[in-house]
Q: 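Here's a structure for you.
Remember, it's a predicted structure, so these values are computed and weren't measured experimentally. Only heavy atoms go into these numbers, but all of them, side chains included; no hydrogens, no water, no symmetry mates. Convention: sequence-line order gives letters A, B, ...; per-chain numbering from 1.
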2 protein chains.
Amino acid sequence: MIFADLLRSRRRHQLTADDLAALEASVSGLRSLPARTTMISRDEPVRTSTYLMEGFMCRYMDDQKGDRQLVAVHVAGDFVDLHGFPLGYLDHDLATLTACQVAQVPHAALDGLMVTRPNLTKLLWFSTLLDAAMHREWIFRLGRLDAIARVSHFICEIETKLRAVGRSDGSSFHLPMTQADLGETCGITAVHMNRMLRELKDRQLMTIRRNQVDIINPAGLAELGEFDPSYLFLDNTG
Amino acid sequence: MIFADLLRSRRRHQLTADDLAALEASVSGLRSLPARTTMISRDEPVRTSTYLMEGFMCRYMDDQKGDRQLVAVHVAGDFVDLHGFPLGYLDHDLATLTACQVAQVPHAALDGLMVTRPNLTKLLWFSTLLDAAMHREWIFRLGRLDAIARVSHFICEIETKLRAVGRSDGSSFHLPMTQADLGETCGITAVHMNRMLRELKDRQLMTIRRNQVDIINPAGLAELGEFDPSYLFLDNTG
DNA sequence: CGCTGTCTTGAGGACGGTCAATGTTCGTGG
DNA sequence: CCACGAACATTGACCGTCCTCAAGACAGCG
């Protein structure tokens with residue numbers, strides 16, 4: 001069952017068995033990718049899209065000095081570059097954080113599905129717009145929150161996403177990102193990220209140690225990060 | 001010709017006369033909206049989508065203190081809330097900046113188009129992903145650029161968008177945003193925005209006066225703002 | 001057991017925020 | 001045509017958050 005986590009906790013019930021079977025039939029291959037590897041570079045034409053079955057990936061852009069800005073962090077169940085199907089190329093790089101298992105779907109097959117399966121098409125469209133909604137929240141985070149609130153917000157977001165696909169129990173989960181990665185996500189330096197994480201620990205909100213996140217006070221963390229999960233379009237709000 | 005500016009300079013040639021006719025036939029009504037009015041509030045269900053024929057609109061989110069963060073600025077030719085069609089509700093507010101002329105398309109009609117017109121569907125999907133690409137660039141801008149570069153980048157973006165629909169000659173255009181609006185776009189205060197605009201003038205890069213932007217040194221402005229228009233997916237790059 | 005990447009901590013400085021006062025523009029109505 | 005008020009723009013002084021630079025501690029891995 002390749003697409004076991006696709007749209008899980010998010011309208012998955014609208015995916016009929018037929019649609020799922022058609023999607024699975026469109027898969028051209030499964031691949032294993034090593035950790036910390038750039039899979040697609042910006043501007044290169046793409047002819048397949050990638051579904052992430054297991055692992056963590058991220059999308060990022062570079063500035064003139066070569067510093068990165070992450071624009072998305074992906075977990076199991078995400079169609080990481082489905083937007084490349086209508087767009088034709090990516091405006092950013094796509095890389096793995098951990099070793100990953102992915103399934104690839106040729107765009108030619110997706111064109112076929114668009115003709116015969118409007119319901120599936122609309123759900124795939126929905127999934128790309130979910131990413132856009134997260135982008136908007138990231139804009140909000142960078143534009144309106146200070147450093148400690150940004151970190152809190154991001155941790156709440158990633159926890160909620162992981163919980164939606166059964167990878168978090170609500171308080172504890174694996175997050176394979178260094179403090180430098182987190183800084184590149186939140187628009188602050190690694191040094192300042194370190195200080196913010198210390199402060200979150202001091203305030204008894206959460207700890208990170210060896211890629212393991214423990215949320216001590218979920219409500220307090222969400223409050224500090226002004227986190228409201230409605231932009232994640234979950235079936236069961238909360 | 002309602003959709004004269006739809007996807008203009010961006011794959012409009014892929015829109016067949018048939019597709020355009022079908023889209024126009026789906027329009028349920030034209031409306032005039034007054035300036036500075038909230039048209040859709042977040043979380044309320046939406047049953048139609050709005051195409052902007054003339055004027056400026058924006059999308060924004062509020063923080064706990066009530067301060068705004070703009071997440072998009074829309075110009076003629078934009079389908080401002082087409083993402084509401086697959087999503088079902090908006091995760092942000094949608095408001096006019098100027099008086100606007102809009103056309104409304106019921107989602108029920110779009111469902112019909114999805115069944116019969118995969119080519120049109122893919123182009124509409126594309127247009128929502130264009131917004132997502134701009135979101136990513138906004139994340140980059142807020143996360144990696146300092147204040148003056150953010151302003152430069154935004155001005156380059158809006159100029160390019162306006163030029164694509166014939167509303168800018170490349171150096172001079174109308175931009176109905178106050179310095180407070182620009183601050184809410186770039187994640188800085190109105191006071192600091194004022195200082196940055198003065199510096200851009202002092203550096204002989206651009207001026208703004210009474211909503212009129214004059215770009216004195218386009219190359220210099222793009223350089224300062226690290227602006228590369230490839231994320232706008234224009235037909236003629238450059 | 002040493003190398004490398006990651007984390008931690010400190011000191012000093014710059015960028016942008018806050019607060020507050022003043023100037024300018026423009027629409028409205030007398 | 002002028003008076004008025006409201007919104008917008010401008011400027012200055014002060015301050016805090018976060019950055020920069022630098023050194024050292026720690027952990028994982030060959």
Side-chain angles (χ1 to χ4, degrees), chain A residues 34-37 63-69 97-99 141-154 174-203 206-214 224-225, chain B residues 34-37 56 63-69 95 97-99 141-154 174-203 206-214 224-225:
Chain A
R36 299 280 168 179
T37 308
D63 70 8
Q64 281 179 348
K65 293 192 303 180
D67 291 335
R68 285 184 178 190
Q69 175 63 47
L97 288 167
T98 62
R141 186 159 72 211
L142 292 169
R144 281 291 160 263
L145 302 184
D146 64 10
I148 193 149
R150 290 182 201 175
V151 184
S152 306
H153 186 286
F154 174 68
H174 180 67
L175 183 65
M177 297 175 73
T178 66
Q179 293 184 4
D181 294 332
L182 291 169
E184 291 168 354
T185 301
C186 294
I188 62 178
T189 59
V191 169
H192 203 57
M193 177 56 70
N194 181 278
R195 295 181 170 121
M196 296 301 100
L197 292 176
R198 157 188 276 278
E199 180 161 348
L200 288 169
K201 184 170 68 180
D202 290 348
R203 291 209 213 172
M206 58 162 284
T207 61
I208 300 190
R209 191 163 171 70
R210 281 184 230 159
N211 294 342
Q212 187 68 22
V213 177
D214 288 283
L224 177 57
Chain B
R36 298 280 165 181
T37 308
F56 287 78
D63 69 9
Q64 282 179 348
K65 292 191 305 182
D67 291 334
R68 286 183 177 191
Q69 175 63 46
L97 287 167
T98 62
R141 186 160 73 212
L142 292 169
R144 281 291 161 263
L145 301 184
D146 63 11
I148 193 146
R150 290 182 201 176
V151 184
S152 306
H153 187 285
F154 174 68
H174 180 66
L175 183 65
M177 298 176 73
T178 65
Q179 293 184 5
D181 295 331
L182 291 170
E184 291 168 353
T185 301
C186 295
I188 62 178
T189 60
V191 170
H192 201 59
M193 178 56 71
N194 182 278
R195 294 179 173 126
M196 295 301 100
L197 292 176
R198 157 187 277 278
E199 180 161 348
L200 287 169
K201 184 170 67 179
D202 290 349
R203 291 208 212 173
M206 58 162 285
T207 62
I208 299 189
R209 190 163 170 73
R210 282 182 230 163
N211 294 343
Q212 187 69 21
V213 177
D214 288 284
L224 177 57

Q: Within this structure, what is the CZ-to-P distance between R36(A) and dT4(C), rounded to whole angstrom?
A: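 From R36(A) CZ to dT4(C) P: 19 Å.
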
Q: Starting from the first five and the last five pairs of the helix from dC1(C)-dG30(D) to dG30(C)-dC1(D), work out the angle between the resulting helix axes, to 10 degrees.
A: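 Between the axes fitted at each end of the helix from dC1(C)-dG30(D) to dG30(C)-dC1(D) lies an angle of 40°.
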
Q: Can you tell me the distance, in whole Å, between the CG atom of N211(B) and the C1' atom of dT25(C)?
A: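 Roughly 11 Å, once rounded to whole Å.
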
Q: Apply side-chain hydrogen bond (donor to acceptor under 3.5 Å, both in side chains) to R198(B) and list each qualifying residue two or more places apart in sequence or on a separate chain.
A: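 In terms of side-chain hydrogen bond (donor to acceptor under 3.5 Å, both in side chains), with neighbours along the sequence ignored, R198(B) is linked to no residue.
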
Q: If only side-chain N and O atoms of R210(A) are considered, is one of them under 4.0 Å from the OP1 or OP2 phosphate oxygen of dG28(D)?
A: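 It does, given that an N or O in the side chain of R210(A) lies less than 4.0 Å from OP1 or OP2 of dG28(D).
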
Q: Got a list of protein N/O to nucleotides 9-13 of chain C N/O distances below 3.5 Å?
A:
{"unit_1": "dT9(C)", "atom_1": "OP1", "unit_2": "R198(A)", "atom_2": "NH2", "d": "2.7"}
{"unit_1": "dT9(C)", "atom_1": "OP2", "unit_2": "R198(A)", "atom_2": "NE", "d": "2.9"}
{"unit_1": "dT9(C)", "atom_1": "OP2", "unit_2": "R198(A)", "atom_2": "NH2", "d": "2.5"}
{"unit_1": "dG10(C)", "atom_1": "N7", "unit_2": "R195(A)", "atom_2": "NH2", "d": "2.7"}
{"unit_1": "dG10(C)", "atom_1": "O6", "unit_2": "R195(A)", "atom_2": "NH2", "d": "3.3"}

Q: Applying side-chain hydrogen bond (donor to acceptor under 3.5 Å, both in side chains), can you list everything that pairs with D63(A), at least two apart in sequence or on another chain?
A: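 With sequence neighbours excluded, D63(A) shows a side-chain hydrogen bond (donor to acceptor under 3.5 Å, both in side chains) to no residue whatsoever.
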
Q: To the nearest 0.5 Å, what is the distance between CZ on R144(A) and CD on E184(B)?
A: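 Here the rounded value is 6.0 Å.
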
Q: What is the distance, rounded to the nearest whole Å, between atom CE of M193(B) and atom P of dA9(D)?
A: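 So the two atoms are 11 Å apart, to the nearest Å.
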
Q: Just to verify, what does R195(A) make a salt bridge (Lys or Arg N to Asp or Glu O under 4.0 Å) with, not counting sequence neighbours?
A: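 With neighbours one apart ignored, the set is empty.
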
Q: Go through the structure and list residues passing side-chain hydrogen bond (donor to acceptor under 3.5 Å, both in side chains) with R150(A), not counting sequence neighbours.
A: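 Testing R150(A) for side-chain hydrogen bond (donor to acceptor under 3.5 Å, both in side chains), a comparison that skips the adjacent residues, returns none.
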
Q: Calculate, to the nearest 0.5 Å, the distance between atoms CZ and NZ belonging to R209(B) and K201(B) respectively.
A: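 If I round to the nearest 0.5 Å, the distance is 7.5 Å.
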
Q: Between the side chain of T98(B) and the main-chain N/O of F56(B), is any donor-acceptor distance below 3.5 Å?
A: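 Flag set: sc T98(B) to bb F56(B) pair under 3.5 Å.
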
Q: Out of the candidates L224(A), D146(A), L182(A), L200(A), only one should pair with V151(A) under the side chain to side chain contact (heavy atoms under 4.5 Å, CB included) rule; please name it.
A: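 Single side chain to side chain contact (heavy atoms under 4.5 Å, CB included) partner of V151(A) among L224(A), D146(A), L182(A), L200(A): L200(A).
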
Q: Polar pairs (N or O, both sides) under 3.5 Å between protein and nucleotides 14-18 of chain D?
A:
{"unit_1": "dC18(D)", "atom_1": "OP1", "unit_2": "A147(A)", "atom_2": "N", "d": "2.8"}
{"unit_1": "dC18(D)", "atom_1": "OP2", "unit_2": "H192(A)", "atom_2": "NE2", "d": "3.4"}
{"unit_1": "dC18(D)", "atom_1": "O5'", "unit_2": "H192(A)", "atom_2": "NE2", "d": "3.4"}

Q: Any side-chain N or O of R209(B) less than 4.0 Å from the OP1 or OP2 oxygen of dT24(C)?
A: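 No, R209(B) has no side-chain N/O under 4.0 Å of OP1/OP2 on dT24(C).
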
Q: Nearest 0.5 angstrom please: R141(A) CZ to S152(A) OG, how far?
A: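 Taking CZ in R141(A) and OG in S152(A), the distance rounds to 10.5 Å.
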
Q: Determine whether a donor-acceptor pair (N or O, by modelled atom type, separation under 3.5 Å) exists between the side chain of Q212(B) and the backbone of L175(B).
A: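 No, the answer is negative, given that no donor and acceptor are paired below the 3.5 Å cut-off.
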
Q: How many Å lie between CG on D202(B) and P on dT11(D), as a whole number?
A: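 Computing the D202(B):CG to dT11(D):P distance gives 9 Å.
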
Q: Distance check needed: dT6(C) C1' versus L175(A) CG, whole Å only.
A: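 Distance, rounded to whole Å: 15 Å.
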
Q: Name all residues meeting the side-chain hydrogen bond (donor to acceptor under 3.5 Å, both in side chains) criterion together with R36(B); count only those two or more places apart in sequence or in a different chain, and write none if there are none.
A: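 Residues passing side-chain hydrogen bond (donor to acceptor under 3.5 Å, both in side chains) with R36(B): D181(B).
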
Q: Does any residue of residues 176-184 of chain B have a heavy atom under 4.0 Å from DNA chain C, and if so, which ones, in number order?
A: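 Of all residues in residues 176-184 of chain B, none places a heavy atom under 4.0 Å from DNA chain C.
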
Q: Under the side-chain contact (heavy atoms from CB on, under 4.5 Å) test, which residues partner A180(B), sequence neighbours left out?
A: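 A180(B): side-chain contact (heavy atoms from CB on, under 4.5 Å) contacts with T178(B), A190(B).
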
Q: Could I get the full list of salt bridge (Lys or Arg N to Asp or Glu O under 4.0 Å) partners for D67(B), not counting sequence neighbours?
A: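 Testing D67(B) for salt bridge (Lys or Arg N to Asp or Glu O under 4.0 Å), a comparison that skips the adjacent residues, returns K65(B).
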
